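The structure presented is a predicted model; accordingly, all values stated were derived computationally and were not measured.
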Amino acid sequence: RIDLHGRTLSEAHAVLLRFLHRSQDEGAKTVLVITGKGGPDPERGRGVLRRQVPLWLTLPDLRAYVLAVEEAHIAHGGAGALYVRLRRGR
């Protein structure tokens, strides 16, 4: 699992890429990515990671690791977290 709370967008992207690469190398099948839910006011820039991370997971640099993405169960963070199923490492 990785918690991206409190990171800038560029920092979070780099950390997520390294995490997915390492997790795939270690043979993980599913990982938990915690983005946080953001605040009640999206106009003030809150919830940026919650909106951006699912988009990043479809980009070429991360798509090589990602097989599927779904919202986490409420016990694991619900709307503020994602289950990411990983492709097999090569």
Side-chain angles (χ1 to χ4, degrees):
R1 79 183 256 177
I2 187 168
D3 189 340
L4 300 176
H5 279 112
R7 299 185 187 271
T8 65
L9 284 174
S10 60
E11 188 179 67
H13 188 274
V15 168
L16 181 60
L17 178 60
R18 286 192 304 270
F19 171 73
L20 293 176
H21 178 77
R22 185 178 65 247
S23 297
Q24 187 184 62
D25 282 352
E26 292 173 356
K29 294 180 191 253
T30 304
V31 294
L32 179 66
V33 177
I34 302 168
T35 61
K37 294 178 184 173
D41 186 4
E43 305 298 317
R44 296 183 60 202
R46 298 241 163 154
V48 174
L49 289 174
R50 180 181 176 193
R51 290 190 308 270
Q52 290 299 310
V53 170
L55 300 175
W56 293 345
L57 295 171
T58 66
L59 296 175
D61 62 335
L62 296 179
R63 193 172 45 219
Y65 304 103
V66 177
L67 183 62
V69 178
E70 64 183 283
E71 186 175 298
H73 184 274
I74 192 73
H76 294 138
L82 300 166
Y83 295 129
V84 179
R85 288 191 15 207
L86 300 177
R87 294 182 186 278
R88 285 187 190 179
R90 295 187 177 134

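If you chain together hydrophobic residues whose side chains sit under 4.5 Å apart, L86 and L67 never meet in one group. L32 and I2 fall into different hydrophobic clusters, where Ile, Leu, Val, Met, Phe, Trp and Tyr residues are linked whenever their side-chain heavy atoms come under 4.5 Å apart, directly or through other members. Following chains of ILVMFWY side-chain contacts shorter than 4.5 Å, one cannot reach I34 starting from L62, and the two form parts of different hydrophobic clusters. Follow the hydrophobic side-chain contacts under 4.5 Å out from Y83 and you never reach F19; the two are in separate clusters. In the hydrophobic clustering of this structure, L82 groups with V15; members are Ile, Leu, Val, Met, Phe, Trp, Tyr whose side-chain heavy atoms approach within less than 4.5 Å, directly or through other members.
Using a 4.5 Å heavy-atom threshold, the side chains of L20 and L57 count as touching. Counting only heavy atoms from C-beta outward, the side chains of T35 and Q52 never approach each other to under 4.5 Å.
Listed for the R87 side chain is a donor-acceptor partner under 3.5 Å among the backbone atoms of R63.
Between atom CG of residue L4 and atom NE2 of residue H13 there is a gap of 11.0 Å, rounded to the nearest 0.5 Å.
Of all non-hydrogen atoms in Q24 and R88, the two that sit nearest each other are NE2-O, 3.7 Å. Smallest separation of non-hydrogen atoms from H76 and A81: O-CB, 3.4 Å.
Residues passing the side-chain hydrogen bond (donor to acceptor under 3.5 Å, both in side chains) test with H21 are D25, Y65, sequence neighbours excluded.
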